[in-house]
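Working notes for the structure below.
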Protein chains: 2
Amino acid sequence: MPTGSPDALVRLFSRYLKEQGLPLTHQREAVASVLFSSEAHLSADDIEGELRTRQERIGKATIYRTLDLLVKSNLVVEHDFGEGFKRYEHRLSPRPVNQHLICQGCGRVEEFEMPEIPAVEARIARESGFKPHRHRVEIHGLCTACQADGLALSQDGIVCPIEVA
Amino acid sequence: MPTGSPDALVRLFSRYLKEQGLPLTHQREAVASVLFSSEAHLSADDIEGELRTRQERIGKATIYRTLDLLVKSNLVVEHDFGEGFKRYEHRLSPRPVNQHLICQGCGRVEEFEMPEIPAVEARIARESGFKPHRHRVEIHGLCTACQADGLALSQDGIVCPIEVA
DNA sequence: TTAGTTGCAAAAGCTTTGCAGTAAA
DNA sequence: TTTACTGCAAAGCTTTTGCAACTAA
């Protein structure tokens with residue numbers, strides 16, 4: 001899957017900072033590099049861990065501040081999958097960035113295509129007057145690996161009390 | 001929009017508690033009643049405020065503990081719209097519960113229909129082997145009222161640096 | 001040299017938990 | 001009477017902020 005080189009995005013980030021009159025520090029470069037070298041959806045904690053692996057000891061505050069800049073530069077997208085923390089993903093590849101398959105077994109996230117979105121947004125605008133700006137689609141379930149491991153999902157709680165109303 | 005009576009759901013909740021061998025307390029009834037009387041997506045704070053209006057002074061801890069029970073009973077659904085806190089909605093009406101229009105101006109949430117979802121899930125299962133279990137679709141934008149107030153949304157940050165990669 | 005950063009620690013905001021006193025059944 | 005609940009305050013988590021020391025340019 002050729003998605004270009006992480007370095008290219010680090011250079012773009014450097015350019016963004018220059019345009020904004022902000023310095024490119026070693027810490028900013030390191031955080032950006034971690035994100036641009038991974039195809040995953042990383043949490044601030046994941047990033048700190050990977051930095052540690054690389055022998056970099058960078059404060060959480062700096063990581064968060066750099067993530068802000070990366071998001072503002074549009075090179076990185078912030079996600080909230082309702083886990084209690086946020087995840088960050090670079091935009092090096094042209095894959096859709098707001099349509100996710102989320103495995104309830106292992107937590108892994110993949111993108112998928114949903115060509116019907118534009119038509120749905122057009123219908124909403126036409127029928128309700130709501131003006132769509134951005135969207136988010138998540139499908140939670142089980143990836144093939146977790147199914148192979150024999151995992152299964154069931155509705156928890158009582159068996160649909162709604163039916164008996 | 002006839003959605004049945006809040007009392008019917010309070011009774012169902014009472015029954016759920018009985019089945020679990022748990023007592024129906026005054027506080028539980030009050031929290032459930034607030035939720036079942038509203039068509040909105042309420043935060044724990046909203047619920048506390050409405051209880052205060054009703055002259056009920058119920059601790060946040062009890063509200064959260066009751067919300068847990070309501071969610072477990074399947075009478076209430078928990079949502080996380082990435083606002084930093086959760087919202088809760090009852091399931092008295094048969095409206096879709098996982099497809100939301102979210103106004104970026106006033107924060108109001110409405111449901112919408114998306115009949116193409118089953119076909120999308122079927123396609124995913126067929127093409128990737130991922131087994132869909134539940135979904136969430138959000139479209140963020142501006143409601144008609146906020147558009148009328150002259151609000152507009154723009155992309156922030158620099159103009160898509162991706163293009164120049 | 002100078003504006004802007006960094007790291008620490010403290011704070012903020014939502015949610016959960018421990019515990020002594022209280023209420024449902 | 002027994003079991004579970006309630007409210008308060010403290011703690012847990014992720015994320016943000018204040019501040020003195022530091023660094024890119």
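One finds no salt bridge joining B/Asp80 and B/Arg87 here, because no Lys/Arg side-chain nitrogen approaches an Asp/Glu carboxylate oxygen to under 4.0 Å. Between B/Glu56 and B/Arg52 there is no salt bridge, since no side-chain N of the basic residue sits under 4.0 Å from a carboxylate O of the acidic one.
Following rounding to the nearest Å, A/Gln20 (CD) and D/dA24 (C1') show an atom-to-atom distance of 17 Å. Atom CD1 in A/Ile63 sits roughly 15 Å away from atom C1' in C/dT5 (whole-Å rounding). What separates CD1 of A/Ile58 from C1' of C/dT6 is a distance of 10 Å, to the nearest Å. Here the C1' atom of nucleotide C/dT15 and the CG atom of B/Asp80 are 12 Å apart, to the nearest Å. The separation between B/Leu69 atom CG and C/dA24 atom C1' is 15 Å, rounded to whole Å. One atom, CG of A/Asp68, and another, P of C/dT6, lie 12 Å apart when rounded to the nearest Å. Atom CG in A/Leu67 sits roughly 9 Å away from atom P in D/dT15 (whole-Å rounding). Nucleotide C/dT15 holds its C1' atom 16 Å from the CD atom of B/Glu83, rounded to whole Å.
With hydrogens and angles left out, the side chain of B/Arg65 and the base of D/dG7 share a donor-acceptor pair within 3.5 Å.
Here the side chain of A/Ala44 is nearest to one of D/dG7, C/dT16, D/dT15, namely D/dT15. Candidate nucleotides D/dA25, D/dA4, C/dT15 were compared by shortest atom distance to the side chain of B/Lys86, and C/dT15 ranks first.
Residue-to-nucleotide proximity on DNA chain C shows that, of B/Phe85 and B/Ala61, the 5′-proximal contact is made by B/Phe85. Where A/Leu22 and B/Gly21 each meet DNA chain D at their nearest nucleotide, the meeting point lying more 5' is that of B/Gly21.
Across all strands shown, B/Lys60 has no heavy atoms under 4.0 Å from either base or sugar-phosphate atoms.
Of the side-chain N and O atoms in B/Thr25, none sit less than 4.0 angstrom from OP1 or OP2 of C/dA23. Contact between the side-chain N/O atoms of A/Gln27 and the OP1/OP2 oxygens of C/dG7 is found at a separation under 4.0 Å.
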Item to check | Stepwise salt bridge (Lys or Arg N to Asp or Glu O under 4.0 Å) test for A/Arg11 and A/Glu29 | outcome: CA-CA 9 Å; A/Arg11 278 195 296 279; A/Glu29 192 168 351; over 6 Å; no
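Of the candidates A/Glu138, A/His41, A/Glu89, A/Glu89 is the only one forming a side-chain hydrogen bond (donor to acceptor under 3.5 Å, both in side chains) with A/His79.
Ring-centre distance between A/His100 and A/Phe81: below the 6.0 Å cut-off.
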